[in-house]
Amino acid sequence: KAGVTQTPRYLIKTRGQQVTLSCSPISGHRSVSWYQQTPGQGLQFLFEYFSETQRNKGNFPGRFSGRQFSNSRSEMNVSTLELGDSALYLCASAQSPSYEQYFGPGTRLTVT
Amino acid sequence: KQEVTQIPAALSVPEGENLVLNCSFTDSAIYNLQWFRQDPGKGLTSLLLIQSSQREQTSGRLNASLDKSSGRSTLYIAASQPGDSATYLCAVRSGNTPLVFGKGTRLSVIA
């Protein structure tokens, strides 16, 4: 069974631009969560989706948004990028939110 | 608000040693607890999931225990190897809230 895939794996953007990251969950999984990881803050929760509905949202500004499609794939968008948005963005999938979480390899975003 | 603490932040041991990593959480009303491993620049690999009704889980050389009443979990690694070097994270889920992570323990196993 294929694992969680995230695209792109690496991204370099300029301040003020916007970016869209994609996450394809393990087949059969309907729950997708997103996290931001930085050396200083550790893992911080962004969003959690289950069957196309946002169940939880972390404490991030409105520039961060996400959605989940009917095939369970998820995207997150960051508009008006800031230098502080540089991070590893991780996606996790599960059969349902309270089940075992499986993480993808992450997308490394660098904002210059 | 759930808070998860992992002590120590870093640990260095010689190969072959048995070791224990600690995780504590402030709210004992948890649904489950999950241990992960992360190699530098990579995603998280799930090691063990313990449901709130369980006391321990084992996978190979790894054994995780859970004491809900005291808000603690331990990850025991037997006969450590250099390939075990990584950051180990524990995460707790309570009800409908998302996973709350500790900051991890960075383990170095010296050959």
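A, B, ... follow the sequence lines: proteins, then strands. Residue 1 opens every chain. Since this is a predicted model, take the numbers as computed values, not measurements. Atoms considered below: every heavy atom in the structure, side chains included; atoms not considered: hydrogens, waters and symmetry mates.
- Contacts of residues 95-111 of chain B with chain A at a heavy-atom distance below 4.5 Å involve B:N96, B:T97, B:P98, B:L99, B:F101, B:K103, listed in sequence order.
- Annotation: A:Y99, atom OH; neighbour count of heavy atoms from other residues, nucleotides and ligands within 6.0 Å does not exceed 12.
- Of the atoms belonging to A:Q41, it is backbone heavy atoms, and not side-chain ones, that fall under 4.5 Å from chain B.
- Both the backbone and the side chain of A:E100 come within less than 4.5 Å of a heavy atom in chain B.
- Counting heavy atoms of neighbouring residues, nucleotides and ligands inside a 6.0 Å radius, atom NZ of B:K42 does not exceed 12 of them.
- Residue A:L88 is grouped with residue B:L89 when hydrophobic side chains (ILVMFWY) are merged at heavy-atom distances under 4.5 angstrom, including chains of intermediate members.
- Sparse packing is recorded around OH of B:Y31, with 12 or fewer heavy atoms of other residues, nucleotides or ligands lying under 6.0 Å away.
- In this structure, B:V92 is not a member of the same hydrophobic cluster as A:Y102, with clusters built from ILVMFWY side-chain heavy atoms closer than 4.5 Å.
- Note on B:L47 and B:L33: same hydrophobic cluster, where clusters join Ile, Leu, Val, Met, Phe, Trp and Tyr whose side-chain heavy atoms are under 4.5 Å apart, directly or indirectly.
- In this structure, A:L109 is not a member of the same hydrophobic cluster as A:L90, with clusters built from ILVMFWY side-chain heavy atoms closer than 4.5 Å.
- Between the side chain of B:R93 and the backbone N or O of A:P97, at least one donor-acceptor pair lies under 3.5 Å.
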